[in-house]
Structures are given as structure tokens and as C-alpha cells.
There are 2 protein chains.
Amino acid sequence: MTERPDTPRSRRERPAKPALTREGIVAAAVAILRAEGLQKVTMRRLAQELDTGPASLYVYVRNTAELHAAVLDELLGTVGPAPAEGSWRERLERVLTAYTAMLFEHPSLARSALTARPSGPHYLNLIETLLALLDEGGVPPAQAAWGVDLLLQHATATAAEHSAEASEEDWDALRSTLRSVSDRTHPRIAALGDALLSGAPEARLSWALRALIAGIERTAVTD
Amino acid sequence: MTERPDTPRSRRERPAKPALTREGIVAAAVAILRAEGLQKVTMRRLAQELDTGPASLYVYVRNTAELHAAVLDELLGTVGPAPAEGSWRERLERVLTAYTAMLFEHPSLARSALTARPSGPHYLNLIETLLALLDEGGVPPAQAAWGVDLLLQHATATAAEHSAEASEEDWDALRSTLRSVSDRTHPRIAALGDALLSGAPEARLSWALRALIAGIERTAVTD
DNA sequence: ACCTGAACACCGTTCAAGT
DNA sequence: ACCTGAACACCGTTCAAGT
């Protein structure tokens with residue numbers, strides 16, 4: 001019976017294994033996301049990072065989709081408060097642009113947000129902010145309720161489209177397909193030419209948001 | 001040297017292995033999609049179906065994303081032609097509703113369409129149809145070009161949201177979160193209550209499409 | 001050129017068994 | 001209740017070797 005053997009390796013190499021908690025798991029997931037992207041935020045990789053087996057995580061997180069949703073709500077906390085200056089339209093556009101910009105840095109997260117919507121505190125704050133701005137603009141509540149969904153969906157989908165999977169080659173392929181179209185079978189596409197794909201992402205987003213807001217304002221909910 | 005041995009098993013069990021072609025591969029992928037869903041349309045499963053190894057498919061298809069895009073273009077062929085009756089607005093809404101309805105049956109395909117846009121013949125036809133209807137409505141070409149993108153993105157994202165991954169439980173969770181919100185911290189959410197989540201999918205889609213069209217009509221592209 | 005077997009480097013999730 | 005090792009049932013993609 002050897003008493004007090006050398007401190008075991010595990011004790012030396014890392015600072016005492018912390019107890020598992022949901023917050024700890026989500027924080028570790030955010031760290032991996034920042035360092036290596038969402039495709040590395042897997043149950044196995046995360047377990048490795050937390051010095052445990054993947055099965056242990058299922059005590060705190062139902063599945064991978066729920067984990068990703070929690071990560072998104074966490075990042076939503078970095079978006080910042082509603083701007084104080086400008087018309088309600090300008091402020092609305094700015095809030096949504098900030099939200100989109102955050103997702104642009106993690107397009108794969110945007111992809112998963114489309115199916116597993118976050119329902120955390122930061123997401124609720126964002127919804128409240130958007131509703132307040134639409135209310136300030138005199139948009140009727142029923143339209144505002146559906147409009148918030150439309151605005152957030154557009155922002156999320158736009159970011160998702162810029163996912164790494166959408167490689168530059170694919171874009172070139174679409175570009176050349178559109179350019180080589182016959183004006184007998186597809187006269188309008190031929191006439192528009194590059195206009196279909198023109199514009200910087202910022203300009204297109206800004207235009208789309210203004211179009212959405214204009215449509216939301218003017219379209220009554222009839223039911 | 002045995003001449004003409006018994007027909008080998010492989011000859012007996014299936015009708016002569018057909019040569020691999022891109023069309024054959026895509027057709028087999030569509031069959032698997034219909035029977036078992038997109039999550040089973042994998043390189044390995046598809047190879048098994050075609051009685052070969054997964055490596056063989058890479059001669060005809062760059063990767064899984066490209067395969068899924070080809071499958072989507074194939075399904076787009078089932079959407080049917082533009083309706084002949086009604087105002088341009090009504091016809092536009094009907095074309096987009098038909099497109100969305102098709103994707104509703106394969107929401108996971110909608111998910112992948114958001115990142116890997118198809119560029120096949122059926123997709124081009126759809127774009128041409130939408131541009132023609134917007135032109136008929138007198139929408140300026142620059143707005144129409146960007147507007148088509150907005151309309152298709154909305155339809156695709158809406159279908160993607162109804163992905164199987166978005167379980168009923170998650171919806172209930174969001175519903176109860178929204179209902180239990182404090183009216184001190186989130187007065188507008190509290191005031192709206194169930195209005196945020198109200199409405200049948202068809203009613204919401206119809207409203208959204210009308211709002212989008214109204215916005216596209218009225219919002220000039222300034223550059 | 002086309003096709004293939006085998007390998008590399010991973011996944012999510014479950015379950016029986018331990019503490 | 002919480003945690004775990006091990007297993008089950010898969011993935012995409014590459015590459016050297018064959019035809």
C-alpha cells in the first residue's frame with residue numbers, strides 16, 4: 001500500500017476537472033465554435049474538451065440541435081442594444097443588420113437556427129426590441145407579430161446562404177449558367193444578365209430589409 | 001477450365017447491373033428520397049443501391065451537396081407550369097405556393113437548397129416565370145432581379161423551418177416560454193401573447209408572400 | 001477513363017453498469 | 001442522480017491499384 005503516490009498525471013496536466021454543468025458545456029461549445037467552427041462542435045469533441053465521455057453530456061443537453069440553439073442564444077448576447085438615434089426605420093434596419101453581421105461570422109450556426117430556433121433570454125430581448133420599433137412606427141400589432149418572424153427569418157436565411165459549403169466555385173457555376181442562357185427560352189434572364197447576381201451583400205441586405213419593412217407596414221392580416 | 005459455369009449469383013439476383021451515369025445516380029437518389037427521406041440519401045447508401053462502392057460515385061458527383069442540389073432540380077420539374085388565370089399577383093402567389101408545397105414534403109431538401117442552390121434547367125424555368133410575372137406587374141427590372149431572390153429565399157426558408165428536426169416539443173417549449181414572459185421586462189411580447197405564433201402555415205405564407213410582393217414593388221434599388 | 005476495395009478519420013446516440 | 005466505457009450503426013472522402 002503506497003501512501004500518497006506522485007500526483008497523478010491528470011492532476012498535473014489540467015487544473016482539477018470541473019464539475020459538469022449546462023453552462024459549462026455551452027461555454028465550452030462557444031469556445032470550440034470560435035476557434036474551429038460549428039462543424040467541430042460535436043458531442044464527441046466537446047466531451048473530449050471537457051475530459052469526459054460523450055454519454056455524459058446527454059444529462060444536460062437533449063441532443064446536438066439543442067446544443068447549437070443554446071450556443072446561438074449565447075452569441076446573441078454580443079449583438080448589443082438597440083441604437084438610440086435615427087428614425088424607427090433606420091434603427092430597425094440597424095438592429096437587424098447587427099444581428100445578421102453576427103451570424104455572418106458563423107453561417108453554419110445560422111443554418112441550424114433556421115430549424116432549431118433559440119428560445120433563450122437573448123432571443124426574447126431581440127424580439128421585444130423589434131416589436132417596440134414596429135410599434136413606434138405605428139404598425140398594427142397583428143402585422144408586427146408576423147412581421148418580426150419575417151424579418152428574423154430573412155436575416156437568418158441570408159446568413160445561412162453564406163455558409164462555407166456554398167463555395168466560390170458553385171457561385172461561378174451559377175453565374176456562367178445564367179450568362180449562357182438562351183434568350184429564346186429564357187428572355188428575361190438573358191435580358192437581366194448580371195443584374196440577378198449584382199450588388200454587394202450589404203446593399204442587397206439593406207434593400208431587402210427596407211422592402212420587408214415596407215411590405216409589413218402595408219399588408220393587413222385578414223383572418 | 002470450366003466453360004460456361006452456372007450463371008453467377010449476381011446475374012440471377014438482379015437484372016444485369018446497369019452502367020453508372022449521372023442521370024442514373026440522380027434517379028436512384030430521388031427514389032431513396034421518396035422512400036426514406038434525405039437523411040438516407042448518402043453516398044454509401046446510394047452506392048449500395050447501385051451495387052457499387054461509394055468511391056465510384058465521385059466520378060459523376062463532386063460531393064454530397066452537389067448531389068442534393070441535383071435531386072432538388074429534379075423535383076422542381078414536378079411543380080407544374082405557371083397558372084393562366086387571375087391577376088399577376090395571384091398567379092405569382094400561386095407559383096410560389098406550389099414551389100413551397102413541394103418543398104414542404106421534403107423540408108430537409110429545402111435546408112440544403114439554402115446553401116447549395118440548384119442551377120439546373122427546372123430552376124432556371126422557375127426564375128424565368130417569376131421574372132415574367134413581375135414584369136407583367138410593371139415592377140422595374142432591377143427590383144425584379146433582387147425580388148426573385150427574396151421570394152425564393154422566403155419560400156425555401158419557410159419550408160426548411162418545417163424540417164423534421166424542429167420537433168413538436170421544441171415548439172411547445174417556445175410557446176410556453178413566450179407565454180410565461182414577464183410584462184415588466186418584455187411588455188410587447190406579453191401583450192401580443194399567442195399572436196406571435198398564431199395562424200395556419202398557409203395563412204402565414206400567403207400573408208408573407210403578399211407583403212414581400214408589396215415591398216418589392218415599392219422599394220427602389222438605388223446604386 | 002472509369003471503377004474499386006480498403007482505409008482514414010470521424011459521427012450521434014443508447015445502454016448496462018458503476019458510484 | 002449522475003457519470004461512464006463500450007458498443008451499435010453509421011458517415012464523407014481519398015488513394016493506390018486494377019481494368
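The sequence lines fix the lettering, A, B, ..., with proteins before strands; numbering per chain opens at 1.
Shown here are the salt bridge (Lys or Arg N to Asp or Glu O under 4.0 Å) partners of A:Arg179, two or more places apart in sequence or in another chain: A:Asp194. Residues satisfying the ring pair (Phe, Tyr, Trp, His ring centres under 6.0 Å) criterion with B:Phe104, sequence neighbours excluded, are B:His162. In this structure, the side-chain hydrogen bond (donor to acceptor under 3.5 Å, both in side chains) partners of A:His154, at least two apart in sequence or on a different chain, are A:Thr158, B:Gln153.
If you take NZ of A:Lys40 and C1' of C:dG12, they are 16 Å apart, rounded to a whole angstrom. For B:Asp51 and C:dC3, the CG to P distance is 13 Å, given to the nearest whole Å. One can place CG of B:Leu46 at 13 Å from P of C:dT4, the figure rounded to the nearest angstrom. Following rounding to the nearest Å, A:Gln48 (CD) and D:dT4 (C1') show an atom-to-atom distance of 16 Å. Nucleotide C:dT13 holds its C1' atom 14 Å from the CD atom of A:Glu66, rounded to whole Å. We find that CG of B:Asn63 is positioned 5 Å from P of D:dT13, with the value rounded to whole Å. The nearest whole Å value for the distance from the CD atom in B:Gln39 to the P atom in D:dA9 is 18 Å. Across the protein-nucleic acid pair, B:Arg44 atom CZ and C:dA9 atom C1' stand 11 Å apart, rounded to whole Å.
Of the candidate nucleotides C:dC11, D:dG12, C:dT13, C:dC11 has the atom lying nearest to any side-chain atom of A:Arg45. When distances are taken from the side chain of A:Met43 to each of C:dC3, D:dT13, C:dG12, the shortest belongs to C:dG12. For A:Tyr60, taking side-chain heavy atoms from C-beta onward, the closest of the listed nucleotides D:dA7, D:dG12, D:dC3 is D:dC3.
Residues B:Ser112 and A:Arg111 have side chains in contact (heavy-atom distance under 4.5 Å, counting atoms from C-beta outward). Put simply, the side chain of A:Val79 does not reach to within 4.5 Å of the side chain of A:Leu126, judged on heavy atoms. In this structure the side chain of B:Met43 reaches within 4.5 angstrom of the side chain of B:Val61, judged on heavy atoms. With a 4.5 Å cut-off on side-chain heavy atoms, A:Thr97 and A:Ser206 do not count as touching.
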Practice task
Sugar-phosphate atoms are those with a prime plus P, OP1 and OP2; base atoms are the rest. Using that split, label each nucleotide of nucleotides 14-19 of chain D B, S or - for protein heavy atoms under 4.0 Å, 5' to 3'.
Solution key: BB----
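Between the C1' atoms of D:dA6 and C:dC11, the separation comes to 16 Å (whole Å). Separation of the P atoms belonging to D:dC10 and C:dA9 is 23 Å when rounded to the nearest angstrom.
Contact between the side-chain N/O atoms of A:Thr64 and the OP1/OP2 oxygens of C:dT13 is found at a separation under 4.0 Å. Phosphate contact (OP1/OP2 of C:dT4, side-chain N/O of B:Thr52, threshold under 4.0 Å): present.
Residues B:Asp73 and B:His122 approach most closely at O-ND1, 2.8 Å, considering heavy atoms. In terms of heavy atoms, A:Ala132 sits closest to B:Arg188 at CA-CD, 3.4 Å.
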Handout entry: Pair assignment for DNA chain C - dot-bracket with | for other-strand partners, Watson-Crick or G-U under 3.5 Å
Key = ||.|||||...|||||.||
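Each of B:Leu57 and A:Thr42 lies near DNA chain C, and the nucleotide nearest B:Leu57 is the one positioned closer to the 5' end.
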What pairs of donor and acceptor atoms, side-chain ones from residues 21-38 of chain A against any protein atom, are under 3.5 angstrom apart with sequence neighbours left out?
| unit_1 | atom_1 | unit_2 | atom_2 | d |
| --- | --- | --- | --- | --- |
| A:Thr21 | OG1 | A:Gly24 | N | 2.9 |
| A:Arg22 | NE | A:Tyr60 | O | 3.3 |
| A:Arg22 | NH2 | A:Glu66 | OE2 | 2.3 |
| A:Glu36 | OE1 | A:Arg45 | NH2 | 3.3 |
| A:Glu36 | OE2 | A:Arg45 | NH2 | 2.3 |

